[in-house]
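Working notes, beginning with the structure itself.
Given the structure is predicted, the values throughout are model-derived calculations rather than measurements. Chain naming here is simple, since letters A, B, ... match the order of the sequence lines and numbering starts at 1 in each.
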Protein chains: 2
Amino acid sequence: MSIKNRRDMLHNNQRSHYIGQLNESLTGRRVFVAGWVEDIRDIGRLVFVILRDSTGSIQAVARGQHLNQVKEISRQSSVVIGGSIRKSDARDSPIEIGIEEIVVASRAAYPLPIDGTGRVSSSMDKRIDSRALDLRNPSVSGIFKLRGLVLSSIRESLLTKGFLEVNTPKIIGTASEGGANLFGFDYFKRKAYLAQSPQLYKEELIISLDRVFEIGPYFRSEKSHTVRHLSEFTSVDIEAAFVDYEFTMSILEGLVKGVVRKVSGAFSDLAPLRDLALKLGSNGSIEKLTYKQCLEELWNNGEKIEFGADLTDSSLRLLGERHTGFYFITDWPTELKPFYIQDKRQDPELSESFDLQYGYLELASGGTRLHDKERLQARLEQKGLRPENFADHLKVFDWGMPPHAGWGLGFDRFMMVLTDCQNIREVVLFPRDVERLHP
Amino acid sequence: MSIKNRRDMLHNNQRSHYIGQLNESLTGRRVFVAGWVEDIRDIGRLVFVILRDSTGSIQAVARGQHLNQVKEISRQSSVVIGGSIRKSDARDSPIEIGIEEIVVASRAAYPLPIDGTGRVSSSMDKRIDSRALDLRNPSVSGIFKLRGLVLSSIRESLLTKGFLEVNTPKIIGTASEGGANLFGFDYFKRKAYLAQSPQLYKEELIISLDRVFEIGPYFRSEKSHTVRHLSEFTSVDIEAAFVDYEFTMSILEGLVKGVVRKVSGAFSDLAPLRDLALKLGSNGSIEKLTYKQCLEELWNNGEKIEFGADLTDSSLRLLGERHTGFYFITDWPTELKPFYIQDKRQDPELSESFDLQYGYLELASGGTRLHDKERLQARLEQKGLRPENFADHLKVFDWGMPPHAGWGLGFDRFMMVLTDCQNIREVVLFPRDVERLHP
């Protein structure tokens, strides 16, 4: 077998091995591996090539006839190596590959804009400008492998609980939650908007599908320059019929615990994940504070917030110092919550609502929804919204709309917590913000 | 236990039973069920209520004190019923519920715009205008349950093959495949577009992530009025390094077979699904025809198509009559394919490309990609595109871009095939087209 041309290189359209699959049991065997040259060390009679693919790295050793060819390969070039597995004297690996054939599939052209190994650090901006190369750094690609695993884990958790995955439209004809911060555009001579959330659609769907979830992109024309806002983000949304906010909080708590358990096992070498298991609360459950309890704590710590005021960034930071892991803030003042949130029967100033926090960071928001059409219409008017703009939505409440509840989880923020990243741009492949529309 | 108020109705935030869970082993037991009233039959001393939820339906029987209350409930209202399970004389069910308590959660207001049971048929347009109510029809909601199951099955298939799920941006700064049919909008004083596909991003990602997939919404400003085009659609996209089109065709074939196998088992009562298993080809594999073989067949059947011409709707319908199930059309003329498709070394007029067809319907399109920057630039120019508009993309080819291949599958069209629906609007909850932006 040889790898003299592209066909051979593809090797019956399959690489024989991912590097992560190589181990001592293959000693003496001939293998083909494909990846990129992370490093080259020339010590005269030998040249060491560190070859990496998405699954790991291995040392390959060239000597004799291959020496000159290998010396000319630039770092980050893609190559295919054919050779034999043998014992290695290297500290960090028991095996290496003795190079018998090497083909450059694609040469990296210098200078490169950033260091693909991450040893020389670059600014966040430069890294995103060259994101594909940035991902050659295993600690960067590790974040996105984790992201994929968390997506799977969330879906599994919700499917097990009887939720059906749905796809609702991202192009909408009317502003779903009031109209602020929407991207608008011309849609065949009509005005359309990019959806900010699936809120109204998911509420409508539960009249017949019972329990639904959606994981998808949403859009907010967000002018703020912060480390936790993007204008395109991924949201996990659920909605369920015949349940209230307590029930959906328990679904969310189960989901968070399940993810933490699953990813801790899969990525046990990642310190932030190890610590997370400890941040679920002393008895393994997520602490619940009411909004009023938060006010009390803030008063006791010098922040004199009046009932009805939103918790500002500084208040949340103070709470976050005292509650360092996940916690819920429940029973918010009705006037602070969107028009569709149910007020409490016994105390209409308060609502059946909650936010999931991690320290100062808001991760999710949910609640029991109003299911009575008249009350919903009245609330729209109180909020200064025009019921006629919500005609498509309101008519569904005439078709036997059951009590229901749900939440939305900012998936990218959840990933920030899981990876201990301080900037949301670390966990999104190609972030979009006021400044950034490329690559 | 009673259900006199909303709290009770929610029953500790859990319905005791989904209707689909009820069976004879519960005879004599008291249960709570929640759903909507599909039908009411008043025979004087008794009233029969057909209660349905997302999992099934059951007959509930009111007598005595509940008679008058039940008679006043409108069809499609949401109710909670507490009662005892007992043997039934009904033809279609061995059990029924003897109503002991019934609470109307939300009354349906008449007249309703369409018949929620589907017994009185309505036009596609009327049904979509009232989609949430349309979904009360089990044969409609069945399509979307199947859709969820197919999504799961596709993800499972790709995860097993080592593909990582990624999220690429839907807001893009430059037209990814030329610029036709794009929705454009103002993005903080700059021109932005809605992505038509993740094509360029997925190619870039494989230089480090190796194998990626994305399932997400894409957008095309599609002016045609057909039963198979929408301006917002769901696409399944994959891309893999160090493989060619033959390999990715085998991935797609495995995916299609896996889905057909899985959904046939889950929905064995749906006739179109039973038939599908037969349409995979006589030996269970998907037939492959080259473009040239298609031309020959068309000539032999009176359609005189010259080499290089695209296969028109009428040609595909003719082919579809002869190849009634799934089949691939491979090795298309290079000039018919997008700029990024690899031409064949031995015969550059042909390309390493394929479409997956079902009868006349194109479901997927893929191929080996050009990975050499100079050739890619030359091809852009041949196609009349400006390489400077692709600067972000082209620079990635300087970073050791390996050979790679992939495909995109129109998920909604695949669902049309699986459900035997002739209109793509049947398989999309809230379709978007030239005429439709609501609900």
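Looking at heavy atoms from C-beta onward, I171(B) lies in side-chain contact with F183(A) at the 4.5 angstrom threshold. Side-chain contact between L205(B) and F430(A): present, with at least one pair of heavy atoms (C-beta onward) separated by less than 4.5 Å. Under the 4.5 Å side-chain criterion, counting only non-hydrogen atoms from C-beta, R211(A) is in contact with Y18(B). Within the 4.5 Å cutoff, the side chain of D372(A) has no heavy atoms near those of the S106(B) side chain. Using a 4.5 Å cut-off on side-chain heavy atoms (C-beta onward), P217(B) and N167(A) make no contact. Using a 4.5 Å cut-off on side-chain heavy atoms (C-beta onward), K170(A) and F219(B) make contact. Counting only heavy atoms from C-beta outward, the side chains of F185(A) and L194(B) approach each other to under 4.5 Å.
Using a 4.5 Å cut-off between heavy atoms, N137(A) makes no contact with chain B at all. Neither the backbone nor the side chain of V37(B) comes within less than 4.5 Å of any heavy atom in chain A. Only the backbone of D433(A) has a heavy atom closer than 4.5 Å to any heavy atom of chain B. In this structure, the portion of E222(A) lying under 4.5 Å from any heavy atom of chain B is its backbone and not its side chain. Using a 4.5 Å cut-off between heavy atoms, L133(A) contacts chain B through both its backbone and its side chain. Using a 4.5 Å cut-off between heavy atoms, L209(B) contacts chain A through both its backbone and its side chain. For chain B, the nearby parts of S130(A) are the backbone and the side chain; heavy atoms of each come within less than 4.5 Å. Contact of V396(A) with chain B is made through the side chain alone, with heavy-atom distances under 4.5 Å. In this structure, chain B has a heavy atom under 4.5 Å from the side chain of L159(A), while its backbone stays farther away. R52(A) does not touch chain B: none of its heavy atoms, backbone or side chain, sits under 4.5 Å away. For V428(A), no part lies near chain B; criterion is any non-hydrogen pair under 4.5 Å.
Contacts with chain A were tallied for A108(B), P169(B), G162(B); P169(B) has the most, counting heavy-atom pairs under 4.5 Å. Among A405(B), S77(B), A240(B), P113(B), the residue making the largest number of heavy-atom pairs under 4.5 Å with chain A is P113(B). Among H438(B), K223(B), E156(B), the residue making the largest number of heavy-atom pairs under 4.5 Å with chain A is H438(B). Between chain A and the options I207(B), L429(B), L135(B), L164(B), the largest number of non-hydrogen pairs under 4.5 Å is found for I207(B). For the set M401(A), K373(A), R75(A), H393(A), the count of heavy-atom pairs under 4.5 angstrom toward chain B peaks at M401(A). Chosen from G173(A), S141(A), S74(A), G216(A), the residue pairing most often with chain B at heavy-atom distances under 4.5 Å is G173(A). Top candidate by heavy-atom pairs under 4.5 Å with chain B, chosen from Q76(A), R190(A), E435(A), R107(A), is R190(A). Among the candidates E232(B), K395(B), K189(B), the residue making the largest number of heavy-atom pairs closer than 4.5 Å to chain A is E232(B).
Comment: R155(A) engages E165(B) in a salt bridge, judged by a side-chain N to carboxylate O separation of less than 4.0 angstrom.
In this structure a side-chain-to-backbone donor-acceptor pair under 3.5 Å is present from D210(A) to S54(B). Looking at S208(A), its side chain does come within 3.5 Å of a backbone N or O of A132(B) through a donor-acceptor pair. Put simply, the side chain of R147(A) never gets that close to the backbone of V166(B): no donor and acceptor are under 3.5 Å apart.
Heavy-atom minimum distance, R432(B) versus I172(A): NH2-CA, 4.2 Å. P439(A) and D392(B) get closest at one heavy-atom pair: CA-OD2, 3.5 Å. Nearest heavy atoms, W399(B) versus L112(A): CD1-CD2, 3.6 Å.
A donor-acceptor contact closer than 3.5 angstrom is absent between the side chains of R131(A) and Y201(B). For S231(A) and Y187(B), the side-chain atoms include at least one donor-acceptor pair closer than 3.5 Å.
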